[in-house]
Each structure stands twice: as structure tokens, then as C-alpha cells.
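Written below as C-alpha cells is the structure these notes are about.
Ligands are counted one by one from 1 in listed order, and the atoms in each one are counted from 1 as well. All residue numbers in this chain count up from 1 along the given sequence.
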Amino acid sequence: MSAKVFVITGPSGVGKGTLIGELLDRVDGIEASVSATTRQPRPGERDGREYHFLERSDFDRRAAAGDFLEWAGYSGNRYGTLRSEVERRRDAGASVVLEIEVQGARQVRAAMPEAVLVFIAPPDPGALRERLVGRGTDSDEQISERLRVAEDELAAHDEFTHVVVNDSVERAAAELERIVACELQSPR
Ligand code: ADP
Ligand code: 5GP
């Protein structure tokens with residue numbers, strides 16, 4: 001079994017975090033990369049656990065130094081995957097899962113053609129708004145901005161090898177688990 005990089009992408013609120021949580025519970029030998037961001041922590045989020053929360057100047061300095069495998073501007077903030085997050089886990093023999101938006105997923109595909117990319121799609125057009133409202137972490141204004149970005153992101157789904165519709169968590173998690181298990185079995 002060889003260590004792999006899995007990219008889980010798709011619009012905000014579609015359930016990427018939820019499905020990755022299920023995946024980490026179900027599949028051994030796979031770890032989540034902790035991204036860096038310039039956005040403010042939400043209540044309950046801890047530096048180094050959900051994200052590495054960086055000042056904009058620090059983020060930009062690290063971007064200029066080439067510390068990021070990928071990074072993107074999203075909804076007024078920056079988000080990126082530190083190379084060290086991926087390398088440290090792969091060096092220890094683990095596969096790594098990245099939860100990132102679409103621009104970042106394209107950068108990973110260009111930098112690492114062997115990475116496995118999975119797009120998570122909503123079951124119907126209204127689901128994203130319902131889920132973002134239900135999650136209760138974003139203001140109405142932030143939700144509108146995320147839904148605006150989602151229109152372009154949804155149009156990008158056919159760029160990705162795997163598309164999983166998150167209709168029910170149980171069904172979608174089982175499909176994602178099958179994709180990941182199958183990739184982990186293959187030699188490269
Ligand atoms: P993302 O990480 O893509 O922004 P989350 O995993 O935070 O999305 O999910 C957004 C909200 O939708 C959360 O409140 C989550 O509990 C809920 N959710 C996730 N998957 C489903 C589903 N299949 N059906 C209904 N609600 C879901
Ligand atoms: P949130 O603010 O809801 O935590 O994240 C907003 C968006 O940024 C989500 O679509 C999330 O997947 C994405 N994101 C989180 N980390 C990264 C990252 O390291 N790189 C990129 N490109 N996007 C990220």
C-alpha cells in the first residue's frame with residue numbers, strides 16, 4: 001500500500017468536512033492536513049487544530065518563500081496548504097487528505113498529477129443554502145458570498161475524476177470510502 005494525496009473539493013456547505021470526518025473514522029493510515037488561513041477563528045476553533053490561523057503579512061511572507069503547495073483567495077481571505085503539512089505525514093508513511101476549494105484543487109492537480117481528486121456535489125440547488133444556514137457559522141452576507149462563488153465551483157465539477165453527490169451522509173461517505181480504499185490498493 002502506497003501513501004497517497006487525496007483532495008476533497010466542492011462548494012462551501014456541501015459537506016466536505018463532514019465526509020472527511022467519516023473517512024478518517026473509516027479508513028486507517030490516512031490523515032487530514034491542517035490548512036493555513038487568514039480568516040478569523042470561529043467560536044470553538046483552535047489554532048493548529050482546525051487551521052493554522054495566520055496574519056495576512058505572515059501568510060504572504062510564507063507564500064513568497066514557497067512554503068505552500070497551493071493557496072487561494074476565497075471570500076476575502078487566504079487559504080493554503082503548507083508543504084510541510086503534507087510532507088511530514090507522507091514521510092511517516094501516511095496518506096494525506098486535503099479539504100480545499102476549487103482553485104487550490106487545480107493547483108494541486110498541476111503540481112501533483114498523481115493526487116486523487118474528488119468533487120463533492122450537492123443533491124439539489126437549494127441544499128447549499130440550507131446547509132450553510134443550518135451550520136450557523138456564517139452571517140447572511142457571508143452565506144450570500146459563498147453561494148455566489150459556489151456557482152462557478154459547481155460548473156467545474158467535470159474537471160474532476162470522481163464526483164460524489166452528498167445526498168445522505170451515510171451513502172456519500174460509503175462511496176468516498178470505496179474510492180479511497182480502491183486507490184490505496186492500487187500500486188501507484
Ligand atoms: P463544508 O465543509 O463543505 O463547508 P460541512 O461539512 O461543514 O460543509 O457541512 C455543512 C452543513 O451541512 C453542516 O451543518 C453539516 O452537518 C450538514 N451536512 C453535511 N452533509 C449533509 C447531508 N448529506 N445532508 C444534510 N446535511 C448535511
Ligand atoms: P471555511 O472558511 O468554511 O473554513 O473555508 C472556506 C473554503 O476554503 C472551503 O471551501 C474550504 O474547503 C477552503 N479551504 C480550506 N483550507 C484550504 C486550503 O488550504 N486551500 C484552499 N485552496 N482552500 C481551502
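Using a 4.5 Å cut-off on side-chain heavy atoms (C-beta onward), Leu132 and Leu147 make contact. Counting only heavy atoms from C-beta outward, the side chains of Arg42 and Asp138 approach each other to under 4.5 Å.
With a 4.0 Å cut-off on non-hydrogen atoms, Leu19 does not touch ligand 1 at all. Neither the backbone nor the side chain of Glu50 has a heavy atom within less than 4.0 Å of ligand 2. Of the heavy atoms in Tyr79, both backbone and side-chain atoms come closer than 4.0 Å to ligand 2.
Selection from Thr9, Asp167, Thr18 by nearest heavy atom to atom 5 (P) of ligand 1 gives Thr18. Checking Leu132, Val108, Ile100 against atom 21 (C) of ligand 2, the nearest heavy atom belongs to Ile100. Ranked by closest heavy atom to atom 8 (O) of ligand 1, the top entry among Ala173, Ala127, Gly15 is Gly15. Of the candidates Arg131, Glu101, Lys16, it is Arg131 that places a heavy atom closest to atom 26 (N) of ligand 1. Nearest to atom 11 (C) of ligand 2 by heavy atom, out of Gln40, Arg146, Glu85, Glu99, is Glu99.
Through direct or indirect side-chain contacts shorter than 4.5 Å among Ile, Leu, Val, Met, Phe, Trp and Tyr, Val34 is connected to no other residue.
For the residue pair Arg135/Thr137, the side-chain donor-acceptor check at 3.5 Å is satisfied. When only modelled atom types and interatomic distance are considered, Glu175 and His162 share no side-chain donor-acceptor pair under 3.5 Å. In this structure, a donor-acceptor pair under 3.5 Å is present between the side chains of Asn77 and Thr38.
Nearest protein heavy-atom contact of atom 10 (C) of ligand 1 is Gly13 O, 3.6 Å. Scanning all protein heavy atoms for the shortest distance to atom 7 (O) of ligand 1 gives Arg135 NH1, 2.9 Å. Of all protein heavy atoms, the one lying nearest to atom 20 (N) of ligand 1 is Asn166 ND2, 3.0 Å. For atom 23 (N) of ligand 2, the nearest non-hydrogen atom of the protein is Glu101 N, 3.1 Å. What sits closest to atom 2 (O) of ligand 1 on the protein, heavy atoms only, is Gly17 N, 2.9 Å. With hydrogens left out, the protein atom closest to atom 4 (O) of ligand 2 is Tyr51 OH, 2.5 Å, a heavy atom.
Listed by number with element, the atoms of ligand 1 under 4.0 angstrom from any heavy atom of Pro11 are 3 (O). Below 4.0 Å from some heavy atom of Arg39 lie the following atoms of ligand 2, by number and element: 1 (P), 2 (O), 4 (O). Counting atoms of ligand 2 from 1 in the listed order, those under 4.0 Å from a heavy atom of Tyr74 are 6 (C), 7 (C). Of all the atoms in ligand 2, the ones that sit under 4.0 Å from a non-hydrogen atom of Lys16 are 10 (O), 12 (O). Listed by atom number, the atoms of ligand 2 under 4.0 Å from Ser35 heavy atoms are 16 (N), 17 (C), 18 (C), 19 (O). Near Ser168, the atoms of ligand 1 lying under 4.0 angstrom from a non-hydrogen atom of the residue are 23 (N). For ligand 1, the atoms sitting less than 4.0 Å from at least one non-hydrogen atom of Val169 are 20 (N), 21 (C), 22 (C), 23 (N), numbered in the order shown with element in parentheses. Near Gly80, with a cut-off below 4.0 Å to any heavy atom, the atoms of ligand 2 are 18 (C), 19 (O), 20 (N).
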Evaluate the side chain to side chain contact (heavy atoms under 4.5 Å, CB included) criterion for residues Phe6 and Leu98: first the C-alpha distance (whole Å), next the side-chain angles of each, then the deciding distance (0.1 Å), finally the verdict. CA-CA 6 Å; Phe6 295 93; Leu98 312 181; over 6 Å; no

Assess the residue pair Gln185 and Glu183 against the criterion (side chain to side chain donor-acceptor pair (under 3.5 Å)); give the C-alpha distance rounded to whole Å, side-chain angles, the decisive distance to 0.1 Å, and a yes or no. CA-CA 5 Å; Gln185 293 303 326; Glu183 291 286 350; over 6 Å; no

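One finds no salt bridge joining Arg49 and Glu45 here, because no Lys/Arg side-chain nitrogen approaches an Asp/Glu carboxylate oxygen to under 4.0 Å. The pair Glu145-Arg148 meets the salt-bridge criterion, since a charged nitrogen lies less than 4.0 angstrom from a carboxylate oxygen. Between Arg88 and Asp91, no side-chain nitrogen of the basic residue sits less than 4.0 Å from a carboxylate oxygen of the acidic one, so the salt-bridge criterion is not met.
Relative ring orientation between Phe160 and Phe119 is described as parallel, the plane-to-plane angle staying below 30° on a 0-90° scale split at 30° and 60°.
Between Asp25 atom CG and Ile30 atom CD1 the span is 11.5 Å, to the nearest 0.5 Å. Remark: Asp167 CG to Arg171 CZ distance equals 4.0 Å, nearest 0.5 Å. In this structure, the separation between CG on Leu117 and CD1 on Ile8 is 8.5 Å, given to the nearest 0.5 Å.
Here's the thing with Gly10: none of its N/O atoms is less than 3.5 angstrom from an N/O atom of ligand 2. Remark: ligand 2 and Ser12 share no N or O pair separated by less than 3.5 Å (distance only, no angle test).
A heavy-atom separation below 4.0 Å is not found between Trp71 and ligand 2. Within the structure, ligand 2 has Glu70 among the residues with a heavy atom less than 4.0 angstrom away. Taking a 4.0 Å cut-off on heavy atoms, Gln107 fails to register as neighbouring ligand 2. Contact between Arg42 and ligand 2 is present, with at least one heavy atom of the residue lying under 4.0 Å from the ligand. Contact analysis leaves Ala172 out of contact with ligand 1, as no non-hydrogen atom separation drops below 4.0 angstrom. Under the 4.0 angstrom criterion for non-hydrogen atoms, Glu99 is in contact with ligand 1.
Tested against Ser12 for a side-chain contact (heavy atoms from CB on, under 4.5 Å), the candidates Arg146, Gln142, Glu101 yield a single pass: Arg146.
Heavy-atom contacts from other residues, nucleotides or ligands closer than 6.0 Å to CZ of Arg129 number 12 or fewer.
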